[in-house]
Amino acid sequence: MTFAATVLTLYPEMFPGPLGASLSGDALSRGLWSLEARQIRDHGIGRHRNVDDTPAGGGVGMVLRCDVLAAAIDAAVPPDDPRPKLLMSPRGRPLRQARVRELAGGPGAIIVCGRFEGVDERVIEGRGLEEVSIGDYVLSGGEIAALVLLDACVRLIPGVMGKESSGLDESFEGNRLEYPQYTRPREWEGRPIPDVLMSGNHAAIEKWRRAEAERITRERRPDLLSPSSSP
Ligand code: SAH
């Protein structure tokens, strides 16, 4: 089973974008995952293929029409498609590594990218879209958010990263941030690599890393240490 991503967007030319380079790009050409970007405007209304309209009740900006988006989704997704249908949205549940891992282990995802002021609420309900946020700030569109989500997923697909295990030690795994990393030179601008890392004593190194991860998490992200805050 390969991870199959279908992205619905007004800017399909933004894909694969940066995901065409480096590890994710190699994995894409090796067929470890697939990416299809579909143009929402193909389902637009009338000669001008309109996709948006003014907000009911007044206010600034434009809203993506529910009928247009639903038609785009229905054309892309057969009824028995097992993939979760996601809508990138600042109102969504904040994306965390645990959800990324779940998605990466599944059949893929359908990802709807909003634009303008967002999308008509009824298509979220009517097509059962799961709203996903990549953080507490507002982007101009869902495309970069979708690229972020896909990048996080793709690097966890078996065979994508050089060493299979290298995902398990990282920030957010086990609700800890990562310990500090060092490499050559041995000393730089008067700053040596901590002695313990040069000691060859693997138990001591492991202990130091665990303590450092704990310390940094406590300093920077105490919220990660209380399980209730990590949905
Ligand atoms: N008016 C909306 C913001 C719309 S931003 C509001 O106040 O909630 C336009 C589109 O960008 C959204 O529909 C969504 O698809 C995307 N987007 C913006 N910020 C995002 C975020 N933090 N996470 C995921 N998607 C985001």
Side-chain angles (χ1 to χ4, degrees), residues 3-19 24 33 35-45 49-77 81 83-104 106 108-156 171-172 221 223-224 229-231:
F3 182 94
T6 297
V7 178
L8 305 184
T9 169
L10 290 169
Y11 300 94
E13 67 274 18
M14 289 189 186
F15 296 85
L19 298 183
S24 53
W33 68 293
L35 174 62
E36 181 195 17
R38 299 178 64 112
Q39 174 57 273
I40 293 169
R41 196 172 295 283
D42 291 348
H43 304 273
I45 308 287
R49 301 244 167 253
N50 282 334
V51 297
D52 56 348
D53 213 325
T54 53
V60 294
M62 300 294 272
V63 176
L64 273 168
R65 289 177 59 125
C66 50
D67 50 355
V68 171
L69 261 186
I73 293 169
D74 295 345
V77 184
D81 196 313
R83 294 175 295 168
K85 294 191 278 294
L86 314 179
L87 169 67
M88 303 320 297
S89 160
R91 301 187 322 183
R93 180 152 73 116
L95 185 63
R96 294 192 200 287
Q97 191 67 8
R99 182 68 180 125
V100 167
R101 212 167 255 295
E102 257 169 36
L103 288 168
I110 323 284
I111 307 176
V112 179
C113 300
R115 276 275 155 181
F116 321 120
E117 288 312 309
V119 312
D120 187 310
E121 189 72 18
R122 292 169 294 179
V123 72
I124 303 176
E125 297 163 8
R127 291 298 177 271
L129 304 182
E130 172 190 341
E131 293 182 76
V132 178
S133 168
I134 65 157
D136 293 345
Y137 37 78
V138 179
L139 305 169
S140 49
E143 288 77 12
I144 291 174
L147 289 168
V148 167
L149 181 143
L150 287 173
D151 181 84
C153 289
V154 165
R155 61 192 289 286
L156 295 181
S171 293
F172 307 115
R221 293 292 304 278
D223 57 300
L224 291 177
S229 67
S230 316

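Ligands are counted one by one from 1 in listed order, and the atoms in each one are counted from 1 as well. Everything numeric in this text was worked out from a predicted model, so none of it was measured.
Put simply, the side chain of Leu86 reaches to within 4.5 Å of the side chain of Arg99, judged on heavy atoms. Side-chain contact between Met88 and Val112 is absent, with no heavy-atom pair separated by less than 4.5 Å. Under the 4.5 Å side-chain criterion, counting only non-hydrogen atoms from C-beta, Val100 is not in contact with Phe172. In this structure, the side chains of Arg65 and Ile45 come closer than 4.5 Å at one or more pairs of heavy atoms. Side-chain atoms of Ile110 and Asp81, non-hydrogen and from C-beta on, do get closer than 4.5 Å to each other. Side-chain contact between Phe116 and Val63: absent, with no pair of heavy atoms (C-beta onward) separated by less than 4.5 Å.
Asp52 and Arg115 are not joined by a salt bridge, as no carboxylate oxygen comes within less than 4.0 angstrom of a charged side-chain nitrogen. A salt bridge is absent between Lys85 and Glu131: the closest approach of a Lys/Arg side-chain nitrogen to an acidic carboxylate oxygen does not fall below 4.0 angstrom.
For atom 13 (O) of ligand 1, the protein comes within 4.0 Å by at least one heavy atom.
Checking only distances, Tyr137 does come within under 3.5 Å of ligand 1, N or O to N or O. The N/O atoms of Gly114, backbone and side chain alike, include one that comes under 3.5 Å of an N/O atom in ligand 1. Looking at ligand 1, you won't find any N or O of Cys113 less than 3.5 Å from one of its N or O atoms. Checked by distance only, ligand 1 and Val138 stay at 3.5 Å or farther apart across all their nitrogen or oxygen atoms. Considering both main-chain and side-chain atoms, Arg91 never comes within under 3.5 Å of ligand 1 through any nitrogen or oxygen pair. Looking at ligand 1, you'll find an N or O of Gly135 within less than 3.5 Å of one of its N or O atoms.
Numbered from 1 in the order shown, with element, the atoms of ligand 1 that lie under 4.0 Å from a heavy atom of Ser140 read 9 (C), 11 (O). Residue-ligand proximity, Gly142 to ligand 1, at heavy-atom distances under 4.0 Å covers atoms 11 (O), 15 (O), 16 (C). Here is the list of ligand 1 atoms found below 4.0 Å of a heavy atom in Ser133: 22 (N), 23 (N), 24 (C). Of all atoms in ligand 1, numbered sequentially from 1 with element shown, those under 4.0 Å from a heavy atom of Val132 are 24 (C). Listed by number with element, the atoms of ligand 1 under 4.0 Å from a non-hydrogen atom of Phe116 are 4 (C), 5 (S), 9 (C). Contact atoms of ligand 1 toward Ile134: 23 (N), 24 (C) (distance under 4.0 Å to a heavy atom of the residue). Listed by number with element, the atoms of ligand 1 under 4.0 angstrom from any heavy atom of Gly118 are 13 (O).
With hydrogens and angles left out, the side-chain atoms of Thr9 and Arg38 include no donor and acceptor closer than 3.5 Å.
Residue Leu139 places its CG atom among more than 12 non-hydrogen atoms of other residues, nucleotides or ligands, all under 6.0 Å distant.
When the heavy atoms of Asp136, Val112, Leu139 are ranked by distance to atom 5 (S) of ligand 1, first place goes to Leu139.
Within the 4.0 Å heavy-atom criterion, the part of Ala145 lying near ligand 1 is the side chain and not the backbone. Proximity of Val119 to ligand 1, defined as any heavy-atom pair under 4.0 Å, is not found for any part of the residue.
For Ser133 (side chain) and Pro94 (main-chain N/O), no donor-acceptor pair under 3.5 Å exists by modelled atom type.
What sits closest to atom 25 (N) of ligand 1 on the protein, heavy atoms only, is Ser89 N, 3.2 Å. Nearest protein heavy-atom neighbour of atom 15 (O) of ligand 1: Met88 O, 2.6 Å. When hydrogens are left out, the protein atom nearest atom 2 (C) of ligand 1 is Glu117 O, 3.4 Å; that is the closest non-hydrogen contact. Counting only heavy atoms of the protein, atom 8 (O) of ligand 1 lies nearest to Pro90 CG, 3.4 Å.
Here the shortest heavy-atom pairing between Leu64 and Cys113 reads CD1-O, 4.2 Å.
Residue contacts with ligand 1 do not include Leu95, since none of its heavy atoms lies under 4.0 Å from the ligand.
Every residue meeting the side-chain contact (heavy atoms from CB on, under 4.5 Å) condition with Ala104, not counting sequence neighbours, appears here in chain and number order: Cys153, Leu156.
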